[in-house]
There are 2 protein chains.
Amino acid sequence: MALYRYVSGREDLLEAVVVRLLEGLVGRVDAARPTSWQQYLQLLAHEIRDVSLRHPAAFPLVVSRHPATPWLRPPLRDIETVEHLLATLTDHGFDDGRAVDAYKAFTSFLVGYLLLEVSMRVENVAAVEEPMNEGSADIPEQDDPDTGLYTAPHVLRMRELLSQDRGEEEFEIGLEMLLNRIEQSVSH
Amino acid sequence: MALYRYVSGREDLLEAVVVRLLEGLVGRVDAARPTSWQQYLQLLAHEIRDVSLRHPAAFPLVVSRHPATPWLRPPLRDIETVEHLLATLTDHGFDDGRAVDAYKAFTSFLVGYLLLEVSMRVENVAAVEEPMNEGSADIPEQDDPDTGLYTAPHVLRMRELLSQDRGEEEFEIGLEMLLNRIEQSVSH
DNA sequence: ACCTGAACACCGTTCAAGT
DNA sequence: ACCTGAACACCGTTCAAGT
């Protein structure tokens, strides 16, 4: 209860966690002195990915909490960060429309990749930490051959590939593709 | 309390909601008799987008609930749907590796775009429906010029563009780009 | 077969007392 | 200035009674 001296309640506490996770982000990107907008976005993307990997259980908060205003998009949830991003793109010759488009595509990309990457890890961690809170009875054990997999030969065959974690590679490829797309849009 | 006759508890209830939202999806895609894998993925993507737009408040559940097994990725959370997708890609000449890559990229794309699109709508709806549960005191009104925006000229200038909802277009463009990328990977 | 009141555990929050 | 016990409201869940 002592926490109530520092935060106004549960919501405020969670908000503070999110702020804490993201603080210093822009500063670290700046410190690396990127020379192109591509490098800038790449650095920023990796900083955020690092956050998500360091705090896999908390990262969903960053993504799912409502930002202060509806036009700020997770995981770039604060004005300072967005200002910095838009300013950087503008400096590199983006007009307003392309800059905003790039911001939106960039945030969607980050949410899509990082949320799924992180949720995979959290599930496994949680499964180990809490020893079956309600048993695996609710969720049918679908890797048990007689509950459904035998009617799903493709899934069965590709199971190894599906559970393989190539997060790093996939992230890199997706990011590269995104940058290419933005590059094309910026040169008409 | 009468619900406890039908579901085993809160978790089970939420799971049932998710199942309900997604049911019939594969069937509707099938009914449209897609002739290429591109068309198949496009139909599937639009079906899921329709779900998210019809149920913006419930859609985050689809995305954030742990699927039955860690190698199933939201929003394609059940074996039948994934089997159908993998089978379709295989039929169209994908090897296992590319099929799985396509599945992963496809789900990441859907999560990224739809979660952000939907969260924008929910916030506005919620803001209207519940008349200020804790006042706007916690969240500093950042569109008020003297709380931060005056130090963020780019954000201020692009504000209209940022809050514009071009969900449909953005989704279409992103999907097109994704399909192109998969196409390239499939032809080496 | 289905619903419901009362009770319980649990969690977020408040407040009056403690140091 | 900071922490804490007791109390309260609220929610998920159970169970014994109701029809």
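From a predicted model like this one, the values you see are computed outputs, not experimental measurements. Within every chain, numbering begins at 1; the chains are lettered A, B, ... in the order of the sequence lines, protein sequences first and strands thereafter.
One can place CG of B:Leu13 at 13 Å from C1' of D:dT13, the figure rounded to the nearest angstrom. Here the P atom of nucleotide C:dC11 and the CD atom of A:Glu11 are 17 Å apart, to the nearest Å. A straight line from CE of B:Met1 to C1' of D:dG18 spans 12 Å, rounded to a whole angstrom. Protein atom CG of A:Asp12 is 14 Å distant from nucleotide atom C1' of C:dT13, rounded to whole Å. Residue B:Leu14 contributes atom CG, which lies 15 Å from atom P of D:dC11 at whole-angstrom precision. Atom OH of A:Tyr4 is separated from atom P of C:dA16 by 16 Å (rounded to the nearest Å).
Here D:dA17 sits opposite no nucleotide as a Watson-Crick or G-U wobble pair (both hydrogen-bonding atom distances under 3.5 Å). D:dC3 is unpaired under the Watson-Crick or G-U wobble criterion, no partner having all donor-acceptor distances under 3.5 Å. Look at C:dC8: its Watson-Crick or wobble partner, with both distances under 3.5 angstrom, is D:dG12.
Residue B:Tyr6 has a polar side-chain atom (N or O) positioned under 4.0 Å from OP1 or OP2 of C:dC3.
At a threshold of 4.0 angstrom between heavy atoms, the contacts of A:Arg5 include nucleobase atoms, whether or not backbone atoms are also involved.
Looking at B:Arg98 and B:Asp101, no side-chain N of the basic residue comes within less than 4.0 Å of a carboxylate O on the acidic one, giving no salt bridge. Using a cutoff of 4.0 Å between basic side-chain nitrogens and carboxylate oxygens, A:Arg77 and A:Glu15 are scored as salt-bridged.
Cation-pi geometry between A:Arg49 and A:Phe171 is met: the NZ or CZ atom falls under 6.0 Å from the ring centre, inside 45° of the normal.
Side chain of B:Ala2, nearest nucleotide from C:dC3, C:dT13, D:dT4: C:dC3.
Under 3.5 Å, the side chains of A:Arg73 and A:Ser108 contain a donor-acceptor pair of N or O atoms.
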